[in-house]
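Note sheet for the following structure.
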Number of protein chains: 2
Amino acid sequence: MSDPSQTGASATGAAAATSSTTSSSVSVGTKIRQDIITGTHAPGSKLREAALAKQYAVSRIPVREALRSLEAEGLVESRPYSGSMVAPSPVEDAEDLFEIRIVLESATAKRAAKRSAEQSSGAAPDDRWHGVRKEISDILAEGDVVIEQERYEDLAVLNMRFHFAVAELSGSVSFISLLRQISGKIEWLYSLNVTRRGPQAWPEHREIIAAIDAGQEAKAVEVMARHVRRSRDSYFAMMAEKTP
Amino acid sequence: MSDPSQTGASATGAAAATSSTTSSSVSVGTKIRQDIITGTHAPGSKLREAALAKQYAVSRIPVREALRSLEAEGLVESRPYSGSMVAPSPVEDAEDLFEIRIVLESATAKRAAKRSAEQSSGAAPDDRWHGVRKEISDILAEGDVVIEQERYEDLAVLNMRFHFAVAELSGSVSFISLLRQISGKIEWLYSLNVTRRGPQAWPEHREIIAAIDAGQEAKAVEVMARHVRRSRDSYFAMMAEKTP
DNA sequence: GCTTAACGTTTTGTATACAACTTCTGAGAA
DNA sequence: TTCTCAGAAGTTGTATACAAAACGTTAAGC
C-alpha cells in the first residue's frame, strides 16, 4: 500500500542529528506531509485519524501529533471535535507566499551581509559562521554538477538548502524558524508545478553570496529580492501557460 | 494551587467563536503559555509532562498536545524522548523579533492600503472588509477611553488587536498566520518589560489607518515601519535604563 | 412539502497502561 | 584521577479503552 522506504528528509529537516531516534510521530508526519504535497490527499479532503492510523500502521496518537505539527505548518486545518482537513491549495496564496519570501529573505540576506562584515573585521567572531559558509560553497558546487547532469529534481532540494543556509548565515533563529514555517507551503506550491527555472536561477545564488561576502547589505537585499521576484514571475508565467 | 478561573483569551485568540467547545487541550495550552509568559515557568526549565498533567488536573495527552502547539509558537523546545523545556528568553531575540514585525507589518499595511483602494473603486468588493474596518474604528475609540482612564494594561491588548486587525485588512491569511506565530514571543517580550509607550503611540495608529484609507501604499509602509521602529527603540531604551 | 427535533452512528478528545528510550549513578579498569 | 561501561530509575512515546461531542438520519409535527 504505502511504500516502506523512508522518502522523507525534506530540505527542511537539516537539523544536526544529535539524537538518531526518530519518533514514529514525526515519521508519520513526514509521510502525511508528502502525501499532501504530492496530492494524494487532495486539498479540502477530510483527514480521518482512524484511517490514517490504519494506513500508516500506527495508533491514532502519533497521527494526532503529526496533524498538530502539520497544522502549525499551515498544511492542515483543524477544528475541535470536528477533525482535520487538508488546507486549501497554496496556489490561492501564491502571491502572498512569494511576498513573504521576498520580505523575509531580503532581511536574512541583509543580516548575513552585516554579519559577514563583522566576521571580516573580527568584531564578533562566530565559529559556526565559517562552517555554514563552507556548506554554501559546497551546495553551489554540487548544484553545478547537478545542472551538468541535468538532474533538476535534485536541484530543487539544493535550492531549498541554499536559501536556508543563507538564513543560517543571518544568525537569527527567529527568521530561520519563520522561514521553516512557510517552507512546507512553498514546497507544496512548487511540487504542484515543477518550475524549470532552476538552471537559469542558479548563477543568481552566486551574486547573492558575493554581496554577502562583500558585506554590502543594500546590494544583498536588492539581489535577493530580485531573485525571489524572478522566481515568482517564472511561477506565474508557468501557471498562465498551463491554464490558458 | 492553580487558579480555577479561565484567564485565557489572549489577544491572539480573536478567532470567531464558530464552535463554543474548547477542548481541554487548548485550555491547558493557554494556561501553560500564560505561565511561561509571566515567568512562572522560567526560560530553560524543564517541562515534565507528568508534573504539568498533575498541576492542571488532566492526563498527559492534552499536555503533550499543548506542548506541541507551544513548540510551534517558539515558546517551547522539544527533543524526542528527551522532553520539553521553556525556550530561552525572547530578550535575546528582541532585535530579530522587532525586525520581523517591521518587515511583516509593513507588508500587511501596504496590502491593506492596496485593498482599500480596490474597495473604494469597487474593483473587488469584499463584505468582510467593512466589518474589519469598523472594528478598527471601535478599537481606536476604545483606546481613547482607556487612555482617558489610564488603564494601560488594557491598552496593550487593544494594541495587539489593532495590529492584527490591520493584518486582516490585508486579506492575506498567510501574513496573518505568520504574525500569529510570533505573537506569542512578542507578548512574552512585552510582558517581561511592560512598556509605557502606549499612550504616546496610540495616535500613530490613526496615521496608519489614514494612509490605508487613502490607499497610499508607500505612505502606509513608511508610517507602519516608523511606528514599529519607535516601539523597538522605546523597548531598548527601557531595557537600558533598567540594567545600567 | 418543509421544518424541526430526537436518536443513533461516527469521529474526535482524553484517561490509563505499557513499551522504548534517555539519563543519571556508580562501580571498575586504565 | 579519569574514563568507560553496565544498570537502575525516570521520562517520554505509543497502544488500547472509554467518554464526549458533532454529524447524519429518520420521523413527527406544522
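Sequence lines set the chain letters: A, B, ... in the order given, protein chains first and strands last, and positions in each chain run from 1. These numbers were taken from a predicted model, which means no experiment stands behind them. In what follows, every heavy atom counts, from backbone to side chain, and hydrogens, waters and symmetry copies are set aside.
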Whole-Å distance between C:dT12 P and A:M85 CE?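 In whole Å, C:dT12 P and A:M85 CE are 13 Å from each other.
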Any residue meeting side-chain contact (heavy atoms from CB on, under 4.5 Å) with B:I61, in chain and number order, not counting sequence neighbours: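 Applying side-chain contact (heavy atoms from CB on, under 4.5 Å) to B:I61 gives A:I61, B:S59, B:E65.
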Detail all sub-3.5 Å separations between protein N/O atoms and N/O atoms belonging to nucleotides 7-9 of chain C.
none

If a pair satisfies salt bridge (charged side-chain N to carboxylate O under 4.0 Å, His left out) and one of its residues is in residues 50-60 of chain B, list it, with sequence neighbours excluded.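 Non-adjacent pairs meeting salt bridge (charged side-chain N to carboxylate O under 4.0 Å, His left out): B:E49-B:R60.
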Mind checking salt bridge (charged side-chain N to carboxylate O under 4.0 Å, His left out) for [X] and listing every partner two or more places apart, or none if nothing turns up?
| X | result |
| --- | --- |
| A:D93 | A:K185 |
| B:R115 | B:D126 |
| A:R48 | none |
| A:R101 | A:E105 |

Could you write nucleotides 9-14 of chain D as a row of B, S and -, 5' to 3', where a protein heavy atom under 4.0 Å of any base atom gives B, of only sugar-phosphate atoms gives S, and otherwise -? --SBBB
Residues A:R232, A:E99; criterion salt bridge (charged side-chain N to carboxylate O under 4.0 Å, His left out); working and verdict: CA-CA 9 Å; A:R232 176 196 61 190; A:E99 191 163 337; over 6 Å; no
Any ring pair (Phe, Tyr, Trp, His ring centres under 6.0 Å) pairs touching residues 86-112 of chain A, not counting sequence neighbours?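 Of all non-adjacent pairs touching residues 86-112 of chain A, those that pass ring pair (Phe, Tyr, Trp, His ring centres under 6.0 Å) are A:F98-A:Y235.
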Tell me, please, which residues at least two apart from B:H41 pass ring-ring contact (aromatic ring centres under 6.0 Å, His included).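 Residues passing ring-ring contact (aromatic ring centres under 6.0 Å, His included) with B:H41: none at all.
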Identify each donor-acceptor pair in which a side-chain atom of residues 82-89 of chain A lies under 3.5 Å from a protein atom, sequence neighbours left out, and give them as a table.
unit_1 : atom_1 : unit_2 : atom_2 : d
A:S84  : OG     : A:S78  : OG     : 2.7
A:S89  : OG     : A:V91  : N      : 3.2

To the nearest 10 degrees, what angle separates the axes at the start and end of the helix from C:dG1-D:dC30 to C:dA30-D:dT1, five pairs each?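 Rounded to the nearest 10 degrees, the bend comes out at 20°.
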